[in-house]
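Here is the structure we will look at, set down as structure tokens.
If you read the sequence from its start, that first residue is 1, and numbering goes on from there.
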Amino acid sequence: MGLTAVPEYRTADGTRIDLAILDDGRKLLAIEFENSYKWIRQRLLYNIVKASRAGFSELWVVYPFQVPSLGWINEYAMELGVELRILGPEEFREKIRGIRAQ
């Protein structure tokens, strides 16, 4: 299929994305795994900025807890050109299976 999964993808500015999906070298999807409910808004902002600066237009955040109200965070992601999706672990598994099936 040409898809490559790169764990701990290193960005040009020295940060890392937990998992990057590349399509023949083209940046397709950034995936971050979060498990802290206390700092989730701050982590989401950080992840959005990392994805944007690295050239990803889509960011999935896998989060096993109830998602708090994000307010302006979604708008900020859109301003940076990043489509943000927050997925539970099972929804993530289903979406990954969908990528493989295409």
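- Under a hydrophobic-cluster definition in which Ile, Leu, Val, Met, Phe, Trp and Tyr are linked whenever side-chain heavy atoms come within less than 4.5 Å, directly or via other members, Leu84 and Tyr46 are assigned to different clusters.
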Practice problem: Could you please spell out the steps behind the side chain to side chain contact (heavy atoms under 4.5 Å, CB included) verdict for Ile40 and Ile86? | Solution: CA-CA 11 Å; Ile40 190 59; Ile86 302 173; over 6 Å; no
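- Arg53 pairs by the salt bridge (Lys or Arg N to Asp or Glu O under 4.0 Å) definition with Asp13, not counting sequence neighbours.
- Using a 4.0 Å cut-off between a side-chain N of Lys or Arg and a carboxylate O of Asp or Glu, Arg97 and Glu94 do not qualify as a salt bridge.
- Atom OG1 of Thr15 is separated from atom OH of Tyr9 by 10.0 Å, given to the nearest 0.5 angstrom.
- Between Glu91 and Arg85, no side-chain nitrogen of the basic residue sits less than 4.0 Å from a carboxylate oxygen of the acidic one, so the salt-bridge criterion is not met.
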Which atom pairs, donor and acceptor, lie under 3.5 Å between side-chain atoms of residues 56-81 and protein residues at least two apart or in another chain?
unit_1, atom_1, unit_2, atom_2, d
Glu58, OE2, Trp60, NE1, 2.9

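- Test Asn47, Ile21, Asp18 against Ile31 for side chain to side chain contact (heavy atoms under 4.5 Å, CB included) and you get one pass: Ile21.
- When the side chains of ILVMFWY residues are joined at heavy-atom separations under 4.5 Å, either directly or via intervening members, Ile17 and Leu28 end up in two distinct hydrophobic clusters.
- Under the 4.5 Å side-chain heavy-atom criterion for ILVMFWY residues, no single connected hydrophobic cluster contains both Val6 and Leu3.
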Yes or no on side chain to side chain contact (heavy atoms under 4.5 Å, CB included) for Lys50 and Thr11, after CA distance, side-chain angles and deciding distance?
-> CA-CA 8 Å; Lys50 284 193 306 183; Thr11 67; 5.5 Å; no
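- Between atom CG of residue Leu22 and atom CG of residue Leu29 there is a gap of 9.5 Å, rounded to the nearest 0.5 Å.
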